[in-house]
Amino acid sequence: MTQSQNIHEETAVLSLRGVSKKIGGKTIVDQLSFDVREGEIVGLLGPNGAGKTTTIRMIAGLIQMTEGDVFVRGSSIRHEWKKAIRHIGAIIENPEFYPYMTGYDNLKQYQRMNEWISNERIDEVVRLVGLEQAMKKKVKAYSLGMRQRLGIAQALLHEPSVLILDEPTNGLDPAGIREMRDYLKTIAREEGISILVSSHLLLEMEQLCSRVVVIQDGKLVTVRAIGGASAAEEKSFVRVMFRVGRFDEAKQVLGSQEHAEILQVAEEQNELLVALRYKDIPETVTALGAAGVPIYQITELKQSLEDEFLKWTGGNRIA
C-alpha cells in the first residue's frame, strides 16, 4: 500500500468497499466503493434508478447488503452494527415527530432513549440549526424547513461522525434551500461532522459539496472534487480566457509557450482562449507581462456540474 493510500484511509470516516445489493436476481448496486473524509460534504448523484436511496439505506443499516461492507470509524456495518451505527445520524425521506408536542419535547423524547445525551447537547444542536426561537412551539405549527432542521437536530443529538441526508431540501422554497445549505456548512465546520447528501438539485450540490460521487445503474461512474482546484486538476489542462491589449503581441507570446495551446481567437473582443495546466497560469501571465502586454481580464471557463453530469452519465436525467 502506498503512503498516499495510507493517508487517505486514515482520514476516511465513512468507507464503502465493494458494496452490492441484489433483489430477485437483479443487481441494484454493483461493487460500489468510495470514501467520505472528516468534516467534508459529499454529494451522491445519479440518474433515476441509479441506486442512490438503496445505497443510503445500506449505509444506515436499514437494509442488508448482498456483498461488500461499509465501515464507519473503522467499524463494520455488517459485523459490528451497534458499534458502527453509533457514529451515524440519518434522515431518510421525511423526519417524523409528535405534532402536538413542542420541538423541545420531541428532542427530550429522543433523549430518553439515549441516556448519555445531556440537556446541554440539546441546547447546542438547537443553536446549530437555528431553532432557538421555535423550541416552545408545537411541531404542527412548523414550516417544512423548520421540520427538516428539527430532524437534523435530532440526528445530531448523539454526536455522530457522519450525517446522511436523502433529499434534505426536497419541497423547500429557494430561501429555505439556501438556509438549509448554510446550516449544513456550519455543522460540518463547527462539529467536524462528515455529511453525505443525496439530491436532484445540481446547482445546490455545486454550492454545497466539496466532492460528488456519481453512480449509474448501481455502479460508480466518477468521484470528483468541485469548487476548487484538486490535485488532479493541477496536472490536467484547463481553459482560460485572456482579455488583453496589444492583441498581436499577446497572440505571439501565447503561441510560443510550450505548455499553452490557443484554442480560440476573438480579435474584435481582444480575447484569446487558451488551454494550459493550472500550475502554468502564473508563468503564462508573467510571460505576457514581460512582453509588455496589458492584461485586462483572466477567466477560467469551467463546465457547470450539470454539463459534467450529462457527460458522465451519457445525458441521463438526474432524479
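Since the model is a prediction, treat every value here as computed from it, not as a measurement.
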> If you take all heavy atoms of Gly18 and Ser33, which pair is closest and at what distance?
Replying inline: N-OG, 2.7 Å

> How close do Val29 and Gly51 get, heavy atom to heavy atom, and via which atoms?
Replying inline: CG2-O, 3.9 Å

> Step by step, would you call Val129 with Leu150 a side chain to side chain contact (heavy atoms under 4.5 Å, CB included)?
Replying inline: CA-CA 7 Å; Val129 300; Leu150 185 62; over 6 Å; no

> For atom CD of Gln269, is the number of surrounding heavy atoms from other residues, nucleotides or ligands below 6.0 Å larger than 12?
Replying inline: yes

>> Any carboxylate oxygen within less than 4.0 angstrom of a Lys/Arg side-chain nitrogen, looking at Asp35 and Arg17?
In response: yes

> Out of curiosity, Leu32 CG to Thr55 OG1, how far, rounded to the nearest 0.5 Å?
Replying inline: 5.0 Å

>> Distance check, rounded to the nearest 0.5 Å: Ile117 atom CD1 versus Ile122 atom CD1?
In response: 7.0 Å

> With a 4.5 Å heavy-atom cut-off, do Met180 and Ile152 have their side chains touching?
Replying inline: yes

> Hey, are the side chains of Leu288 and Leu254 touching, using non-hydrogen atoms and a 4.5 Å cut-off?
Replying inline: yes

>> Please list all pairs meeting salt bridge (charged side-chain N to carboxylate O under 4.0 Å, His left out) that have one or both residues in residues 107-127, counting only residues at least two apart or in different chains.
In response: Arg121-Glu124, Arg121-Glu191, Arg127-Glu190

>> Treating Arg239 as the side-chain partner and Leu273 as the backbone partner, does any N or O pair qualify as donor plus acceptor under 3.5 Å?
In response: no

> Who else is in the cluster with Tyr98 when I, L, V, M, F, W and Y are joined by side-chain contacts under 4.5 Å?
Replying inline: Met101

>> To the closest 0.5 Å, what do you measure between CG (Leu276) and CD (Glu283)?
In response: 9.5 Å

>> When you compare the side chain of Ser20 with that of Asp30, does any pair of heavy atoms fall below 4.5 Å?
In response: yes

>> Using side-chain heavy atoms (C-beta onward) and a distance below 4.5 Å, is Ile298 in contact with Val240?
In response: yes

> Is it the case that one hydrophobic cluster holds both Phe71 and Val223, taking links as side-chain heavy atoms less than 4.5 Å apart, direct or via other members?
Replying inline: no

> When you measure from the side chain of Glu80 to the backbone N and O of Ser76, does any donor-acceptor pair fall under 3.5 Å?
Replying inline: yes

> Between Ile164 and Ile59, is a side chain to side chain contact (heavy atoms under 4.5 Å, CB included) present by the stated rule, with each step listed?
Replying inline: CA-CA 9 Å; Ile164 300 171; Ile59 294 171; 3.2 Å; yes

> So which heavy atom on Val253 is nearest to which on Ala291, and how close?
Replying inline: CG2-CB, 3.6 Å

> In Å and rounded to the nearest 0.5 Å, what is the CD1 to CG distance from Ile41 to Leu208?
Replying inline: 4.5 Å

> Measuring from Asp166:CG to Leu196:CG, what's the distance to the nearest 0.5 Å?
Replying inline: 9.5 Å

> What residues form a side chain to side chain contact (heavy atoms under 4.5 Å, CB included) with Ser161, not counting sequence neighbours?
Replying inline: Val13, Arg73, His87

> Is there a donor-acceptor contact under 3.5 Å from the side chain of Thr169 to the main chain of Leu172?
Replying inline: no

> Can you hop from Trp116 to Val126 via hydrophobic side chains spaced under 4.5 Å?
Replying inline: yes

>> Would you compute the distance between atom CD1 of Ile281 and atom OG1 of Thr286 and round it to the nearest 0.5 angstrom?
In response: 11.5 Å

Quick one: side chains of residues 134-142, donor-acceptor pairs under 3.5 Å with protein atoms, not counting sequence neighbours, listed by atom name and distance.
residue : atom : partner : partner atom : Å
Tyr142  : OH   : Ala134  : O            : 2.5

> Regarding Asn170 and Gln148, is there a side-chain donor-to-acceptor distance under 3.5 Å anywhere?
Replying inline: no

>> Quick check: do Gln111 and Asn119 have side-chain heavy atoms less than 4.5 Å from each other?
In response: yes

>> Please give me the minimum heavy-atom distance between Ser15 and Ala12, naming the atom from each residue.
In response: OG-CB, 3.5 Å

> Taking all non-hydrogen atoms of both residues, which atom of Ser194 and which atom of Gly39 are closest, and how far apart?
Replying inline: OG-N, 3.3 Å

> Given the rule in the side chain to side chain contact (heavy atoms under 4.5 Å, CB included) test, do His158 and Tyr110 qualify, once you have shown the distances and angles that lead to the verdict?
Replying inline: CA-CA 10 Å; His158 64 288; Tyr110 185 82; 3.5 Å; yes

> Does Lys21 reach the side chain of Arg57, with side-chain heavy atoms less than 4.5 Å apart?
Replying inline: no

>> Could you see if Val42 belongs to whatever hydrophobic cluster contains Ile77? Use Ile, Leu, Val, Met, Phe, Trp, Tyr and a side-chain cutoff under 4.5 Å.
In response: yes

>> Looking at every non-hydrogen atom in both residues, tell me the closest pair between Pro95 and Ile91 and how far apart they are.
In response: CD-CG2, 3.9 Å

> Quick one: do Val274 and Ile295 end up in the same hydrophobic cluster if we chain Ile, Leu, Val, Met, Phe, Trp and Tyr together by side-chain heavy atoms under 4.5 Å apart?
Replying inline: yes

> Considering only heavy atoms from C-beta outward, does the side chain of Val197 approach that of Cys209 to under 4.5 Å?
Replying inline: yes

>> My understanding is that only residues two or more places apart in sequence, or in another chain, count here; which of them pass salt bridge (Lys or Arg N to Asp or Glu O under 4.0 Å) with Glu249?
In response: Arg246

> Same cluster for Ile63 and Met65 if Ile/Leu/Val/Met/Phe/Trp/Tyr side chains link at under 4.5 Å?
Replying inline: yes

>> side chain to side chain contact (heavy atoms under 4.5 Å, CB included), that's the test. Do Leu220 and Val213 meet it? Break it down for me.
In response: CA-CA 8 Å; Leu220 181 68; Val213 175; 3.6 Å; yes

> According to the salt bridge (charged side-chain N to carboxylate O under 4.0 Å, His left out) rule, which pairs have a member within residues 193-204, sequence neighbours left out?
Replying inline: Arg181-Glu204

> Would you say the side-chain atoms of Asp217 pair up with the backbone N or O of Lys219, donor to acceptor, closer than 3.5 Å?
Replying inline: no

> Is Ile56 close to Lys52 at the side-chain level, that is, under 4.5 Å between some pair of heavy atoms?
Replying inline: no

> Around atom CD of Gln64, are there more than 12 heavy atoms of other residues, nucleotides or ligands at under 6.0 Å?
Replying inline: no

